[in-house]
Number of protein chains: 2
Amino acid sequence: MSGKPTRERILEEALDHFGTSGIDATSLDDIARGVGVAKQTLLYWFTSKEELVIAVLQRVADELVVEVGAAVRSAPHGFARVEAAVTAVFRPAVRRPALLGLVRELNRLSPELADAVVLRMKPLVDLAVAYLEAEMDAGRLRRADARLLMAFAYSTVVGVATEPVALRAVGWEPGVASLRKLRAELLAFLRAALAA
Amino acid sequence: MSGKPTRERILEEALDHFGTSGIDATSLDDIARGVGVAKQTLLYWFTSKEELVIAVLQRVADELVVEVGAAVRSAPHGFARVEAAVTAVFRPAVRRPALLGLVRELNRLSPELADAVVLRMKPLVDLAVAYLEAEMDAGRLRRADARLLMAFAYSTVVGVATEPVALRAVGWEPGVASLRKLRAELLAFLRAALAA
DNA sequence: GACCGTCTCTACCAAATGGTAGAGAAACTT
DNA sequence: AAGTTTCTCTACCATTTGGTAGAGACGGTC
């Protein structure tokens, strides 16, 4: 029952457990059982739990950066590009909600790693902001506070993807359909704010 | 060093620790030290950690329901009332960010309690939706999907209040000022969608 | 065949944590 | 004054958890 190398399987199993049960509530044994190896095999590949956590988070951040970058670059200019970016950020949230839940625990677990992730993401955001402002200058988008819009959009994604209780209180069952509705609403808002 | 009764002080200290460090990462000893009593005093007032957690969450939910309810009822009709509701939901998030962080852990820790909280909040939301729709019927608000707007608004609050990493990636330092900016943006959106 | 690096395993340990047992103090009741 | 209730404390325990030590298996290389 292998296929993929052990290290890879550990990372995937760990992401799954961390995301659904939380990092603290996940023991190394839980992960090891899921992979089908002994706990000590984990500690061979990652010298400590913290190192495993960091590796998982690093991979998640990498995937996100790559995916969003690619989606954006392949879209035409103007508002369509904004739409592509939003959709790209929603995609991982829909496919693996566990993923976003992890970012939440980052600060508490390792402020240094949080700093690293911020350093990693910020250039991407800066690029997006610069792009939006250039488009505004060129008259292809209406003028607005691009940075504020990004914060607004991202907080929406994260909030809804990791807060099933809230969704249910509003009368929706958590799931892909709800996320899609919210994405549509968010895009409508951005279009109203930006589309020339 | 008392004033307030022990039970009360335990609840407050616990909320603080749970919110900032997470429930799992908070030991009964941590809370007891903060209050200035022995760990066993906690277990006298709450027979188990789970019971303490539930008590804390119950209190949080109660406060929120009461506060939002009062703020809304005392505001004039029309969009001003929507504004009052949003501000009321933001207020606890600003004053005690720990609070919202807790809701997140709800599902994992105790699905039954999560259900209870949902049952408690849903009528409030239903009331708000009914109010919005009545206002729409009366022509004082523009017609829109009220439930969708509530989900959108709430996810924004939660997302931003509990996601310092994301805020920093966007280029803001987490804090009251950032939350205020986002509240303003959210209100502008709602006004555009609703104001007649 | 001897050697070596890679990988996984079976014990084992020290620390932390939630929880129990039961005693002592203080205040109230009778 | 005696008894009872309320509240907080000092030990103590069982379990879990991250981590260590070290051995065995397997494949390639000399």
Side-chain angles (χ1 to χ4, degrees), chain A residues 1-59 101-102 105-113, chain B residues 1-59 98 101-102 105-106 108-113:
Chain A
M1 59 159 89
S2 72
K4 295 189 175 179
T6 306
R7 193 189 147 93
E8 200 66 16
R9 278 156 58 215
I10 291 174
L11 281 171
E12 280 169 17
E13 187 77 19
L15 171 59
D16 209 40
H17 279 75
F18 289 159
T20 58
S21 311
I23 293 176
D24 282 326
T26 301
S27 72
L28 294 180
D29 259 325
D30 292 336
I31 303 171
R33 250 193 306 276
V35 178
V37 298
K39 179 182 70 169
Q40 287 63 21
T41 302
L42 268 66
L43 289 165
Y44 168 78
W45 290 102
F46 308 90
T47 57
S48 71
K49 183 180 183 180
E50 187 182 347
E51 195 182 303
L52 172 59
V53 171
I54 289 179
V56 168
L57 288 169
Q58 208 104 40
R59 224 172 63 130
L102 277 190
E105 301 202 56
L106 208 55
N107 263 316
R108 175 171 59 77
L109 197 94
S110 158
E112 313 87 49
L113 181 58
Chain B
M1 61 161 83
S2 72
K4 295 187 174 179
T6 306
R7 194 189 147 94
E8 200 67 14
R9 278 154 60 213
I10 292 173
L11 281 171
E12 280 170 17
E13 187 77 19
L15 170 59
D16 208 41
H17 279 76
F18 289 158
T20 58
S21 311
I23 293 176
D24 282 327
T26 300
S27 72
L28 293 181
D29 259 325
D30 291 336
I31 303 171
R33 250 194 306 277
V35 178
V37 298
K39 179 180 69 170
Q40 286 64 21
T41 302
L42 267 67
L43 289 164
Y44 168 76
W45 290 102
F46 308 91
T47 57
S48 71
K49 185 180 181 178
E50 188 181 349
E51 195 182 303
L52 172 59
V53 171
I54 289 178
V56 168
L57 288 168
Q58 207 104 40
R59 223 173 63 130
L102 276 190
E105 301 201 57
L106 209 55
R108 174 170 60 77
L109 196 94
S110 158
E112 312 89 47
L113 180 58

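So that the names make sense, note that chain A is the first sequence line, chain B the second, and so on, each numbered from 1. Owing to the predicted nature of the structure, the values given are computational and were not obtained by experimental measurement.
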Sequence neighbours left out, what passes side chain to side chain donor-acceptor pair (under 3.5 Å) with A:T47? Give chain and number order.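 Once residues adjacent in sequence are excluded, the partners of A:T47 under the side chain to side chain donor-acceptor pair (under 3.5 Å) criterion are A:E51.
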Under the rule for side chain to side chain donor-acceptor pair (under 3.5 Å), what residues qualify as partners of B:R7, not counting sequence neighbours?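 With sequence neighbours excluded, B:R7 shows a side chain to side chain donor-acceptor pair (under 3.5 Å) to no residue whatsoever.
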Without decimals, in angstroms, what is the distance between [X] [atom1] and [N] [atom2]?
X: A:E8; N: C:dC7; atom1: CD; atom2: P; answer: 14 Å
X: B:Y44; N: D:dA11; atom1: OH; atom2: C1'; answer: 20 Å
X: B:R7; N: D:dT8; atom1: CZ; atom2: P; answer: 12 Å

Would you mind writing out the side-chain donor-acceptor pairs for residues 32-42 of chain A within the sub-3.5 Å range, not counting sequence neighbours?
| residue | atom | partner | partner atom | Å |
| --- | --- | --- | --- | --- |
| A:R33 | NH2 | A:D30 | OD1 | 3.0 |
| A:T41 | OG1 | A:A38 | O | 3.4 |

Please test A:F18 against A:I31 for side chain to side chain contact (heavy atoms under 4.5 Å, CB included), starting from the C-alpha separation and ending with a verdict. CA-CA 9 Å; A:F18 289 159; A:I31 303 171; 4.0 Å; yes
Using a cut-off of less than 4.0 Å, is there contact between a side-chain N or O of B:T6 and OP1 or OP2 of D:dT8? yes
Taking only side-chain N and O atoms of A:W45, does any of them lie within less than 4.0 angstrom of OP1 or OP2 on C:dT8?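 True: A:W45 side-chain N/O within range (under 4.0 Å) of C:dT8 OP1/OP2.
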Restricting to side-chain contact (heavy atoms from CB on, under 4.5 Å), what partner residues turn up for B:I54, sequence neighbours left out?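 Residues passing side-chain contact (heavy atoms from CB on, under 4.5 Å) with B:I54: B:E50, B:Q58, B:L113.
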Atom pairs under 3.5 Å, N or O on each side, protein against nucleotides 18-21 of chain C: can you list them with distances?
| residue | atom | partner | partner atom | Å |
| --- | --- | --- | --- | --- |
| C:dG18 | OP1 | B:K49 | NZ | 3.0 |
| C:dG18 | OP2 | B:L28 | N | 3.0 |
| C:dG18 | N7 | B:K39 | NZ | 3.0 |
| C:dG19 | OP2 | B:K49 | N | 2.7 |
| C:dG19 | N7 | B:K39 | NZ | 3.3 |
| C:dG19 | O6 | B:K39 | NZ | 3.0 |
| C:dG19 | O6 | B:Q40 | NE2 | 3.4 |
| C:dT20 | O4 | B:Q40 | NE2 | 3.3 |

Taking the side chain of A:A38 as its heavy atoms from C-beta onward, which of D:dT8, D:dC9, C:dT10 lies nearest to it?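 Among the listed nucleotides, the one closest to the side chain of A:A38 is C:dT10.
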Among all residues two or more places apart in sequence or in another chain, which pass the salt bridge (Lys or Arg N to Asp or Glu O under 4.0 Å) test with A:D29? none
